[in-house]
Amino acid sequence: MSVAKVGSMASLSSDIFYDILRRLDGPTLASAACACAAFSSISREERLWENVCSSMWPSTNREDVKSLISSVGGFRKFYADCFPLIVNKEVPKFQWNDFIEYPEEWSEAEYYGDMDEFESISPSDFVSIVDIRYKDKTICSKVLWGIPNANGFNGWFDNCPFRIDLLTYSPNDDHHEDECILSVSDGLPAISSMQRERKDGKLWCELRDGIRLSWIVVNRKIKQAANLSSWSPLGGQRHWPTDRDFLIRFGSVLPAKDVLPCRVAECILVMKFRVIDAEGDGVQTTLKLMELSMQMEDMEGAHVNGRNSLFILKEALSCYRSKNYGEVLESCNQYSKVQNELKEEKMRIENRLDRLCIISGIAAFITFCYYLL
C-alpha cells in the first residue's frame with residue numbers, strides 16, 4: 001500500500017487544520033497555536049474558542065452570556081482570563097502586631113476607601129457565571145446578573161456582611177427551572193442508611209472527590225473576568241448542621257492591599273447538599289443542592305462588608321493567575337497556615353488574660369478576707 005507524500009504543511013487545506021483544531025480542548029488548542037504559523041492563524045478564530053468555552057462552561061451557551069462575552073473581548077480572551085485560577089503570592093507572614101489593632105487603627109476614610117472610587121463601582125456591573133460538574137458531567141449551570149439587594153435600603157448593603165446566595169436570587173426563567181439533583185445514575189454510590197454512611201463515609205468521599213465548581217465573575221464596565229473558585233474542593237464537613245447535610249467549601253485568596261489592614265481576603269464559596277432519599281423501598285440514593293453561596297472573610301475570620309467586597313472583587317479581576325493547580329493549593333494552604341497561627345496567638349493572649357483575671361480575683365478575695373479578720 002502506497003502513501004502519498006505531503007511536501008509541506010502549507011499544502012494541506014486550512015479546512016483540514018480547522019477540523020483538527022476544533023476537536024481540541026483549551027490547553028491543547030493553546031499549545032497547538034504555538035506550533036506553527038498556520039495553527040497560530042487559525043487558532044484566532046472565535047468559533048474555536050466559543051466551542052472550548054461551551055464545553056468547559058455550559059452556561060456560556062446562553063445567548064445573553066454569548067453577547068456578554070463578545071462585549072468584553074470575545075471567547076478567546078474570556079478563556080485566557082478564566083481558565084487559569086487566582087494565585088495570591090503576597091499572603092503576609094504572621095506578625096501579631098500587624099493585626100492586634102484591627103480595624104481601630106484605621107480612620108474611617110482609610111478603612112472605607114475613597115468615595116469617588118467607590119461610586120465608580122456599580123454592583124450591577126458584575127455578572128456571575130456558575131457551573132457545577134460531577135464526574136465530568138454538568139449538573140447545574142446558573143447566571144446571575146448584578147448583585148442582589150445591593151441598591152437602596154439606605155446603605156444596608158455597604159455596611160452589612162457581603163453574601164450572594166445564588167439559589168435564592170437566580171431568576172426563575174427557562175434556564176433555572178430544574179432543581180440540582182444527584183443520584184445513583186450520575187455515579188453516586190448507593191447507601192443503605194445514614195447510620196452506615198456515618199461509619200464508612202463512602203457517599204461523602206465520592207461527592208467530595210467528584211464535585212467541581214466554577215464561579216466566574218465578569219465586570220461589564222472594565223471588561224474583565226476571573227474564576228473565583230478553586231475548581232476542586234478546599235475542605236468540607238459532613239453531617240452538619242443536620243445528619244443528612246454535606247458542606248463543601250471552595251474559594252480563593254484575593255488581594256486586598258488597599259482595602260483591608262490584613263491586605264488579603266478569602267472568597268469562600270459554600271455548597272450544601274442534602275440527602276433526600278437513601279437506598280431502600282425502591283428509592284435510589286439522591287442528593288439535592290440546597291445552598292450555593294459566596295461570601296468574603298478577612299484574616300481573622302470576620303465577614304467583609306458589601307462596600308469593601310466590591311473593591312476586592314474589582315481588584316481580583318486583574319490579579320495574577322496560574323494554570324498550575326499546585327500553585328493555587330499552595331496559596332490557599334499558606335493563607336490557612338497564617339490564619340491558624342493568628343487564631344492560636346489570639347487564644348494564647350485570651351488565656352493569659354483569663355488567668356490574670358482569675359489571679360486578680362483570688363488576690364482581691366484574699367485581701368478582702370484578710371481585712372475582715
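The structure presented is a predicted model; accordingly, all values stated were derived computationally and were not measured.
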Heavy-atom donor-acceptor pair, [X] side chain to [Y] backbone, under 3.5 Å:
X: Ser229; Y: Trp231; answer: yes
X: Arg163; Y: Pro161; answer: no
X: Asp158; Y: Gly306; answer: no
X: Arg263; Y: Val259; answer: no
X: Thr60; Y: Cys53; answer: yes
X: Ser59; Y: Lys142; answer: no
X: Ser71; Y: Leu68; answer: yes
X: Asn308; Y: Val304; answer: no
X: Arg321; Y: Asp81; answer: yes
X: Thr28; Y: Leu24; answer: no

What distance do [X] atom [atom1] and [Y] atom [atom2] have between them, rounded to the nearest 0.5 Å?
X: Ser214; Y: Phe250; atom1: OG; atom2: CZ; value: 10.5 Å
X: Lys272; Y: Leu287; atom1: NZ; atom2: CG; value: 13.0 Å
X: Ser252; Y: Leu269; atom1: OG; atom2: CG; value: 6.5 Å
X: Phe126; Y: Ile147; atom1: CZ; atom2: CD1; value: 5.5 Å

Are side-chain N/O atoms of [X] and [Y] paired as donor and acceptor at under 3.5 Å?
X: Ser54; Y: Asn51; answer: no
X: Ser232; Y: Arg212; answer: yes
X: Thr242; Y: Asp245; answer: yes

State yes or no: do Val127 and Met56 share one hydrophobic cluster built from I, L, V, M, F, W and Y residues joined by side-chain heavy-atom distances below 4.5 Å, directly or via other members?
yes
Got [X] and [Y] here, is their nearest side-chain heavy-atom distance under 4.5 Å?
X: Val275; Y: Thr286; result: no
X: Glu197; Y: His239; result: yes
X: Val65; Y: Ile69; result: yes
X: Gln224; Y: Ser318; result: yes
X: Tyr335; Y: Asn88; result: no
X: Pro58; Y: Ser141; result: yes
X: Ile268; Y: Glu297; result: yes
X: Ser322; Y: Tyr320; result: yes

Using ring pair (Phe, Tyr, Trp, His ring centres under 6.0 Å) as the criterion, point out the one residue from Trp57, Phe78, Tyr79, Phe75 that pairs with Trp49.
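Only one option passes, and that is Tyr79.
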Under a 4.0 Å threshold between the charged nitrogen and the carboxylate oxygen, would [Y] count as salt-bridged to [X]?
X: Asp200; Y: Lys202; value: no
X: Asp186; Y: Lys137; value: yes
X: Glu350; Y: Lys343; value: no
X: Glu291; Y: Arg249; value: no
X: Lys66; Y: Glu50; value: yes
X: Glu300; Y: Lys346; value: yes

Shortest non-hydrogen contact between Asn227 and Cys82, atoms and distance:
CB-O, 3.4 Å
Of the non-hydrogen atoms in Met299 and Gln339, which two are nearest, and what is the gap between them?
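So the minimum-distance heavy-atom pair works out to O-CG, 3.1 Å.
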Name of the residue among Leu166, Asp165, Val217 meeting side-chain contact (heavy atoms from CB on, under 4.5 Å) with Met294:
Val217
Given Asp243, which partner from the list Arg198, Arg238, Gln195 fulfils the side-chain contact (heavy atoms from CB on, under 4.5 Å) test?
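Result for side-chain contact (heavy atoms from CB on, under 4.5 Å) with Asp243: Arg198.
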In sequence, state the C-alpha distance, the side-chain angles, and the governing distance for Glu206 and Lys135, and then conclude on salt bridge (Lys or Arg N to Asp or Glu O under 4.0 Å).
CA-CA 9 Å; Glu206 288 286 335; Lys135 295 185 176 180; 3.0 Å; yes
Establish, yes or no, whether a centroid distance under 6.0 Å links the rings of Phe246 and Trp240.
no
Assess the residue pair Ile129 and Trp215 against the criterion (side-chain contact (heavy atoms from CB on, under 4.5 Å)); give the C-alpha distance rounded to whole Å, side-chain angles, the decisive distance to 0.1 Å, and a yes or no.
CA-CA 6 Å; Ile129 302 173; Trp215 191 313; over 6 Å; no
Residue pair Phe39, Leu21: steps toward the side-chain contact (heavy atoms from CB on, under 4.5 Å) verdict:
CA-CA 8 Å; Phe39 279 3; Leu21 295 181; 4.3 Å; yes
Verdict with supporting geometry, Gln295 and Ile164, side-chain contact (heavy atoms from CB on, under 4.5 Å)
CA-CA 7 Å; Gln295 59 191 39; Ile164 298 177; over 6 Å; no
Test Asp25 against Val52 for side-chain contact (heavy atoms from CB on, under 4.5 Å), laying out the working first.
CA-CA 6 Å; Asp25 60 13; Val52 168; 6.0 Å; no
Within a 6.0 Å radius of atom CG on Asp136, are there more than 12 heavy atoms belonging to other residues, nucleotides or ligands?
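No, not enclosed.
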